[in-house]
Protein chains: 2
Amino acid sequence: MTRPRPKTRIQIKNTRAILEAALEVFSQHGFRGSTVDQIADAAGLSKPNLLYYFPSKEAIHLELLAGLMDTWLAPLHQLNTDGDPVDEIVGYVLRKLAMARELPRESRLFANEIVQGAPRIIDQIEGDLRDLVDEKCKVIRDWIKQGKLADVDPYHLIFSIWATTQHYADFDAQVRGILHPKKDAHFADAAEFLENFYRRALAVS
Amino acid sequence: MTRPRPKTRIQIKNTRAILEAALEVFSQHGFRGSTVDQIADAAGLSKPNLLYYFPSKEAIHLELLAGLMDTWLAPLHQLNTDGDPVDEIVGYVLRKLAMARELPRESRLFANEIVQGAPRIIDQIEGDLRDLVDEKCKVIRDWIKQGKLADVDPYHLIFSIWATTQHYADFDAQVRGILHPKKDAHFADAAEFLENFYRRALAVS
DNA sequence: GTCTATAAGGTGATAGAC
DNA sequence: GTCTATCACCTTATAGAC
């Protein structure tokens with residue numbers, strides 16, 4: 001029941017192995033579709049041993065989501081008030097696209113959770129995430145007022161950036177199915193498309 | 001085992017009730033997260049009675065996906081070679097957004113399936129869907145050659161349209177969480193944002 | 001056509017030996 | 001800390017009465 005406190009090297013190693021395995025399994029099958037057995041196998045532990053480290057399947061899922069929130073929000077955090085507005089937005093788009101390429105499992109973990117109504121994460125969405133988005137939307141509004149950016153709704157701009165970039169991680173199976181056998185390394189094409197697209201759409205005319 | 005062939009009124013009614021209930025349940029919890037019990041309850045039938053109409057849970061899921069493919073593809077089908085290119089693309093965007101508003105369950109049904117690797121639908125993606133996309137991408141390429149549209153990769157343009165519009169259905173929980181309590185009817189704002197956005201990005205300069 | 005009852009196997013979690 | 005064994009429950013699907 002009580003989790004081990006004074007962490008030995010082996011405890012740290014096993015905890016990490018469990019979280020890594022859980023990310024792999026949860027991102028692929030969703031919470032309900034994943035079994036403790038699968039995670040234990042992937043982590044190289046027995047089921048009871050895994051449940052010695054975490055009290056329940058839900059506890060693993062929660063720790064994963066909470067632990068990844070910072071990584072998830074980092075690219076938006078970096079949006080810099082003092083930079084060139086269009087460059088800043090494009091930079092955000094490209095950072096987010098890089099994250100979809102490098103951390104697709106993390107993206108799908110969140111996608112699975114949100115598509116199903118975000119039951120285990122709604123508090124974080126209406127907390128840290130909303131606060132950060134509100135803050136950055138004010139910055140974008142200022143840029144627009146100063147005539148440095150086309151007049152667009154900042155919230156829907158951010159939604160569009162999330163949608164277009166995460167699409168390449170979350171709907172990877174579809175993207176590959178459509179592009180196959182034409183293209184393999186489609187991320188470079190996506191980056192070029194998105195950069196040009198956002199530059200054209202956001203430039204003041 | 002054998003499904004009823006000469007369909008009586010009650011059989012038609014029950015089959016429809018099952019598919020309607022299955023759409024509700026599958027779109028909310030995914031395939032693995034849904035139980036036959038839930039679907040039977042939602043359809044107002046007993047579990048054995050439901051399994052008299054469909055041989056298995058998977059059969060219901062398959063019939064749902066196959067039956068919705070046409071609806072799913074209709075907005076892209078309507079893309080008209082002879083229309084004004086920018087208007088045609090914007091029209092497609094708005095039809096797709098309207099579909100996200102009016103048929104969010106259908107959108108989430110596909111989203112759940114694709115996020116998890118599209119195991120039960122990959123053939124349709126690499127079949128009908130890919131053929132249609134290939135066809136329409138040729139049309140878009142022609143428009144670009146004729147100088148009627150900005151030079152963009154047509155495949156990634158279509159991906160961006162899917163992403164930005166379906167986002168409002170698939171990630172509804174997040175959109176509401178961010179916008180709450182500011183806005184309720186955000187679809188009108190989304191439509192305005194997307195129309196202006198695609199017009200600016202696609203106009204020849 | 002619809003029901004009750006139940007088979008058959010999976011699943012989260014625990015007990016207790018080592 | 002880790003294991004084997006097991007419990008209690010859930011879930012898909014079927015059998016057979018009505």
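A note on names: the letters A, B, ... follow the listed sequences, proteins ahead of strands, and every chain is numbered from 1.
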**Student:** Parallel, tilted or perpendicular, judged at 30° and 60°: which one describes the rings of A/Phe171 and A/His167?
**Tutor:** parallel
**Student:** DNA chain C: B/Pro48 or A/Glu58, which has the more 5' nearest nucleotide?
**Tutor:** B/Pro48
**Student:** Look at A/Arg32 and C/dG10 and indicate whether a side-chain polar atom (N or O) is within less than 4.0 Å of OP1 or OP2.
**Tutor:** no
**Student:** If I take atom CG in residue B/Asp37 and atom C1' in nucleotide D/dT11, what distance separates them, rounded to the nearest angstrom?
**Tutor:** 8 Å
**Student:** Whole Å only: how far is the CG atom of A/Leu51 from the C1' atom of C/dT11?
**Tutor:** 11 Å
**Student:** Should B/Tyr53 be listed as having a side-chain N or O under 4.0 Å from OP1 or OP2 of C/dT2?
**Tutor:** yes
**Student:** Round to a whole Å and report the spacing from NZ of B/Lys57 to P of D/dT12.
**Tutor:** 4 Å
**Student:** Would you say a side-chain N or O of B/Asn49 is under 4.0 Å from OP1 or OP2 of C/dC3?
**Tutor:** yes
**Student:** Given C/dT11, is OP1 or OP2 found less than 4.0 Å from the side-chain N or O atoms of A/Ser34?
**Tutor:** no
**Student:** A/Phe26 vs A/His61 aromatic rings, parallel, tilted or perpendicular, using cut-offs 30° and 60°?
**Tutor:** perpendicular
**Student:** Can you measure B/Ile60 atom CD1 to D/dT11 atom P for me and round it to whole angstrom units?
**Tutor:** 15 Å
**Student:** Are A/Tyr198 and A/Tyr92 close enough that their ring centers fall under 6.0 Å?
**Tutor:** no
**Student:** So, OP1 or OP2 of D/dT2: does either fall under 4.0 Å of a side-chain N or O from A/Asn14?
**Tutor:** yes
**Student:** Can you tell me the distance, in whole Å, between the CG atom of B/Asp41 and the C1' atom of D/dT11?
**Tutor:** 13 Å
**Student:** Within a 6.0 Å radius of atom NZ on B/Lys182, are there more than 12 heavy atoms belonging to other residues, nucleotides or ligands?
**Tutor:** yes
**Student:** If only side-chain N and O atoms of A/Ser46 are considered, is one of them under 4.0 Å from the OP1 or OP2 phosphate oxygen of D/dT2?
**Tutor:** no
**Student:** May I have the distance from B/Ile39 (atom CD1) to D/dC10 (atom P), rounded to whole angstrom?
**Tutor:** 18 Å
**Student:** Distance to the ring centre below 6.0 angstrom and angle to the axis at most 45 degrees; does that hold for A/Lys136 and A/Trp143?
**Tutor:** no
**Student:** Take the protein atom CZ of B/Phe54 and the nucleotide atom P of D/dA13, then report the distance between them rounded to whole Å.
**Tutor:** 13 Å
**Student:** Can you tell me how far P of D/dA13 sits from NZ of B/Lys47, to the nearest Å?
**Tutor:** 10 Å
